Amino acid sequence: MPELPEVEVVRAGLERHVVGATITSVEVLHPRPVRRHLAGAADFAAVLAGRRVVAARRRGKYLWLPLDDPETGDALMAHLGMSGQLLVQPAESVAERHLRVRLALEGAAEGRELRFVDQRMFGGLSLSTGGAALPPEIAHIARDPIDPLFDDDEFVRRARRSSSGVKRLLLTQTLISGVGNIYADESLWRSRLHGERPGNRLAAAQLHELLGHVREVMNEALAQGGTSFDALYVNVNGESGYFDRSLHAYGREGDPCDRCATPMRRVAFMNRSSYFCPTCQPAPRVRR
DNA sequence: ATCGCGACCTGGTTGC
DNA sequence: TGCAACCAGGTCGCGA
């Protein structure tokens, strides 16, 4: 599952291998990944042909490639969803099993294709009109915690005004972007906080510390993700070595807590799972 | 305004 | 062995 660190690895790969290239033609193999382009797949393909990629940018889990002009141009926007990949492949290489969109390139990436591959198709591509600097479609998304302009005090203020549980707050992209289920659980474990603790019952210092752990987890993942990244292959599969070795909470139901050896618990949360240590991360008392 | 939940989607795994 | 149910989860839209 790509979260911010994985998406940043992809962004860096695109910056290196696709910026400077011109899109010569586009083939949409499945309509769903371009559903956010309201004018349809044919228009999506037509409007991208001949455009030049001039940058590779990211906010949270969204990526965009400014076209023609890095300040005022349009942008090709991408979200990887749960299972999306952006690959730069030789044009003649065999199609991936879940290849959805192919964009032929010339110039800086002569003879190669940018490919959007996505099994579950929660992700997608779209064209953002005038979105080079920041696509208006994602202007509501908050900055992410490794953005130098992320405002810690503002996050803490807003979190402390909310009655929602702190895990839900971490997943609220309008408050803080780029955090998904895995890194939310990891950050909370490191902070010894139960995810259902209401934001408005936490001390400012606890939330500042939580932010520190969010950054720590992301930076560690980034350091490891960056090393598995090969020159001509812009890849993310969410299963880089990081997930196997460094997780303390996610997916560890029944395993001993790495701090206190209490068996880790799993509970249902928002149609998914939360993993935590019932000793280190005690549940909040029920208020009445 | 704020909050929380269901829908979307596929394929690997589990259970009968 | 075959089939159905379950599970993974980011985002959006809707209803309370």
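Just so we're clear, the structure is a prediction, and the values are computed from it rather than from any experiment. First the proteins, then the strands, lettered A, B, ... as listed; each starts at 1.
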(message) Nearest whole Å is fine: how far is C:dT11 C1' from A:Met82 CE?
(response) 12 Å
(message) From CG of A:Leu4 over to P of C:dT11, roughly how many Å is that when rounded to an integer?
(response) 11 Å
(message) Measure CG/A:Asn181 against P/C:dG10 and give the value in whole Å, please.
(response) 6 Å
(request) Send over the distance from A:Leu80 CG to C:dT11 C1', rounded to a whole Å. (result) 14 Å
(request) Take atom CG of A:Asp185 and atom P of C:dG10, then tell me their distance rounded to the nearest Å. (result) 10 Å
(message) In this structure, how many angstroms lie between the P atom of B:dC9 and the CZ atom of A:Phe116, rounded?
(response) 14 Å
(message) With rounding to the nearest 0.5 angstrom, report the OG to CD distance, A:Ser274 to A:Gln281.
(response) 9.5 Å
(message) For the CG atom of A:Leu169 and the CD1 atom of A:Ile176, what is their distance to the nearest 0.5 Å?
(response) 10.0 Å
(request) Please name all residues satisfying side-chain hydrogen bond (donor to acceptor under 3.5 Å, both in side chains) with A:Ser163, sequence neighbours left out, ordered by chain then number. (result) none
Which atoms of nucleotides 10-13 of chain B (N or O only) lie under 3.5 Å from a protein N or O atom, and what are those distances?
from   : atom 1 : to       : atom 2 : distance (Å)
B:dT10 : O2     : A:Gln119 : OE1    : 3.4
B:dG11 : O4'    : A:Gln119 : OE1    : 3.1

(message) Checking the side chain of A:Asp147 only, and the main-chain atoms of A:Arg143 only, is there a donor and an acceptor separated by less than 3.5 Å?
(response) no
(request) Could you work out the complete set of other residues in the hydrophobic cluster of A:Trp64, with links drawn between I, L, V, M, F, W and Y side chains under 4.5 Å apart? (result) A:Tyr62, A:Met77, A:Leu134, A:Ile138, A:Ile141
(request) Pick base, sugar-phosphate or nothing for A:Arg35, based on heavy-atom distances below 4.0 Å to the nucleic acid. (result) nothing
(message) Between A:Arg51 and A:Thr24, is there a side-chain donor-acceptor contact under 3.5 Å, judged purely by atom types and distance?
(response) no
(message) Quick test of your reading of the model: are A:Glu220 and A:Arg190 salt-bridged, counting only N-O distances below 4.0 Å?
(response) yes
(request) Output all residues satisfying salt bridge (Lys or Arg N to Asp or Glu O under 4.0 Å) with A:Glu154, sequence neighbours left out; order by chain, then residue number. (result) A:Arg157
(request) Kindly calculate the angle separating the two end axes of the helix from B:dT2-C:dA16 to B:dC16-C:dG2, each obtained from five base pairs, and round it to 10 degrees. (result) 60°
(request) Give the other cluster members for A:Val94, using side-chain heavy-atom distances under 4.5 Å between Ile, Leu, Val, Met, Phe, Trp and Tyr residues; answer none if it is isolated. (result) none
(request) Determine: side-chain N/O of A:Arg36 to OP1/OP2 of C:dT11, distance under 4.0 Å, yes or no. (result) no
(request) Please check the phosphate of B:dC3 (OP1 and OP2 only) for any side-chain N or O of A:Ser162 closer than 4.0 Å. (result) yes
(request) Mind listing the residues from residues 163-171 of chain A sitting with a heavy atom below 4.0 Å of DNA chain C? Number order is fine. (result) none
(message) Whether the side chain of A:Arg100 engages the backbone of A:Asp118 through a donor-acceptor N/O pair (distance < 3.5 Å, no angle test) should be reported.
(response) yes
(message) Within this structure, what is the OG-CZ distance for the pair A:Ser162 and A:Arg201, rounded to the nearest 0.5 Å?
(response) 13.5 Å
(message) Which residues in residues 263-274 of chain A have a heavy atom closer than 4.0 Å to any atom of DNA chain C?
(response) A:Arg266, A:Asn271, A:Arg272, A:Ser273
(request) Give the rounded distance in Å between these two atoms: CG of A:Asp144 and P of C:dT11. (result) 12 Å
(request) Would you confirm whether A:Glu186, through its side chain, and A:His248, through its main-chain N or O, come within 3.5 Å as a donor-acceptor pair? (result) yes
Show the distances under 3.5 angstrom between N or O atoms of the protein and N or O atoms of nucleotides 3-6 of chain C.
none

(request) Write down the atom of A:Ser273, the atom of A:Asp185, and the distance for their closest heavy-atom approach. (result) O-OD2, 4.0 Å
Could you go over nucleotides 14-16 of chain C and give all protein N or O partners under 3.5 Å, atom names and distances?
none

(message) Between A:Asp258 and A:Arg252, does any NZ, NE, NH1 or NH2 come within less than 4.0 Å of an OD or OE carboxylate oxygen?
(response) yes
(request) Output all residues satisfying salt bridge (Lys or Arg N to Asp or Glu O under 4.0 Å) with A:Arg160, sequence neighbours left out; order by chain, then residue number. (result) none
(request) Take the protein atom CD1 of A:Ile176 and the nucleotide atom P of C:dT11, then report the distance between them rounded to whole Å. (result) 13 Å
(request) Identify which one of A:Glu137, A:His37, A:Arg36 satisfies the side chain to side chain donor-acceptor pair (under 3.5 Å) criterion when paired with A:Ser128. (result) A:Glu137
(request) State which residues pass salt bridge (Lys or Arg N to Asp or Glu O under 4.0 Å) with A:Arg259; sequence neighbours excluded, sorted by chain then number. (result) none
(request) Output the distance between atom CG (A:Leu171) and atom OH (A:Tyr183), rounded to the nearest 0.5 Å. (result) 13.5 Å
(request) Identify which one of A:Arg58, A:Arg11, A:Arg59 satisfies the salt bridge (Lys or Arg N to Asp or Glu O under 4.0 Å) criterion when paired with A:Asp144. (result) A:Arg58
